[in-house]
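So the structure is just underneath, and the comments pick up after that.
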Amino acid sequence: STVLAIVFGAVSGCAPEWVDSLLMRFTEIFLSIPNLLLVILLQAVLGKASIFSISFIIGITSWPSIAKVVRTEVKQIRNSGYVIAARCMGGSFRHVLWKHLTPNFASSIMFMVVMNIRSAIVEESTLSFIGIGLPLEVISWGSMLSLSEKALLTGAWWIILIPGVFLVVTLLCITSIGDWIRKKLNKQESNL
């Protein structure tokens, strides 16, 4: 999703005004649809869930917010001297994007990339919990939580507590890592 967001945002940021406006309207329409609903719809279209299909669907539905940030950053730095020099020397769009633009906005999107990982875990767990995610043979937090609802009827509360606690602790750790990255990058930018 990050590579898709970088390419889409960079194309939008470098494109003429009417193309940029068209691409951003598409992104806003995409953002207006609840992500979990879109994931459920696409999974229903693809059929039986597998690790690859769930990963693919979550990946192609979680790019718009990062693409909007990339577009903003690209619009700010596209007329910098080093970008213009790279274009004048015959640099292709791909070369300019990966060698000159991406290093300058990577710090801006790192927090969002980490938060996308957190969101992907939550979406997979939610899909598996409601029974349309990974099959029960594939071990995931959502499938463990889904199986444990039967254990609650027998009074075995610890079966739902253990995967639930590990899921919450993992999400808190990922959020803390993202917050640490954001603070570190903000501190580096303020020192410049």
Side-chain angles (χ1 to χ4, degrees), residues 1-9 27 30-43 46 49-73 98 102-152 155-192:
S1 67
T2 303
V3 171
L4 182 62
I6 288 173
V7 171
F8 192 89
T27 304
F30 201 84
L31 278 170
S32 70
I33 303 168
N35 203 29
L36 189 59
L37 182 64
L38 193 59
V39 169
I40 291 170
L41 174 71
L42 291 175
Q43 184 57 53
L46 285 181
S50 67
I51 293 173
F52 176 75
S53 69
I54 295 270
S55 302
F56 177 74
I57 289 170
I58 291 173
I60 63 167
T61 58
S62 58
W63 59 269
S65 56
I66 296 176
K68 288 180 73 80
V69 173
V70 168
R71 173 199 170 258
T72 303
E73 294 289 328
W98 296 115
T102 303
N104 288 301
F105 61 72
S107 63
S108 301
I109 64 170
M110 284 310 291
F111 178 74
M112 295 180 77
V113 170
V114 173
M115 290 300 104
N116 264 0
I117 294 169
R118 183 187 64 104
S119 298
I121 292 172
V122 170
E123 287 175 6
E124 185 281 321
S125 298
T126 304
L127 288 174
S128 294
F129 179 73
I130 61 177
I132 57 173
L134 296 173
L136 292 177
E137 308 85 59
V138 179
I139 302 298
S140 72
W141 281 316
S143 62
M144 285 189 272
L145 291 171
S146 178
L147 288 173
S148 61
E149 71 183 34
K150 295 176 186 126
L152 283 177
W157 54 268
W158 59 88
I159 294 178
I160 197 166
L161 183 68
I162 293 171
V165 166
F166 275 99
L167 177 60
V168 169
V169 168
T170 302
L171 294 176
L172 287 173
C173 290
I174 291 173
T175 303
S176 296
I177 290 169
D179 193 41
W180 178 80
I181 289 172
R182 183 182 53 80
K183 286 178 182 174
K184 184 172 169 97
L185 293 174
N186 286 344
K187 189 175 182 181
Q188 286 177 351
E189 288 176 2
S190 66
N191 288 339
L192 296 176

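Separation of atoms OG (Ser176) and CG (Leu171) is listed at 11.0 Å; rounding is to 0.5 Å. Note that CD1 of Ile121 is 3.5 Å distant from CD1 of Ile174, once rounded to the nearest 0.5 Å. Summarising the geometry, atom CZ belonging to Arg118 is positioned 13.0 Å from atom SG belonging to Cys173; distances are rounded to the nearest 0.5 Å. A distance of 9.0 Å separates CD of Glu124 from CG of Leu167, quoted to the nearest 0.5 Å. Between the CD1 atom of Ile132 and the CD1 atom of Ile40 there is a distance of 4.0 Å, given to the nearest 0.5 Å. In this structure, Leu172 CG and Ile177 CD1 are separated by 11.0 Å, a value rounded to the nearest 0.5 Å.
The backbone N or O of Ser1 sits nowhere less than 3.5 Å from a side-chain atom of Asn116 that would complete a donor-acceptor pair. Looking at Ser119, its side chain does come within 3.5 Å of a backbone N or O of Met115 through a donor-acceptor pair. A donor-acceptor contact shorter than 3.5 Å links the side chain of Thr61 to the backbone of Ile58.
Of all the heavy atoms in Leu31 and Lys68, the pair that sits closest is CD1-CD, 3.5 Å. When every heavy atom of Ser53 is checked against every heavy atom of Gln43, the shortest pair comes out as OG-OE1, 3.5 Å.
For the pair Ile181/Val113, no side-chain contact is recorded, criterion being any heavy-atom separation below 4.5 Å from C-beta on. The shortest distance between side-chain heavy atoms of Ile109 and Ile6 falls below 4.5 Å. Counting heavy atoms from C-beta outward, Phe56 and Leu42 have side chains that stay 4.5 Å or more apart.
The neighbour count for Ile51 CD1, taken as heavy atoms of other residues, nucleotides or ligands under 6.0 Å away, does not exceed 12. In Trp98, the CH2 atom is crowded: over 12 heavy atoms of neighbouring residues, nucleotides or ligands sit closer than 6.0 Å.
With sequence neighbours left out, Phe8 forms a side chain to side chain contact (heavy atoms under 4.5 Å, CB included) with Leu23, Met24, Phe26, Thr27, Trp63, Ala67.
Partner Val165 forms a side chain to side chain contact (heavy atoms under 4.5 Å, CB included) with one of Val169, Ile162, Val168 and no other, that one being Val169.
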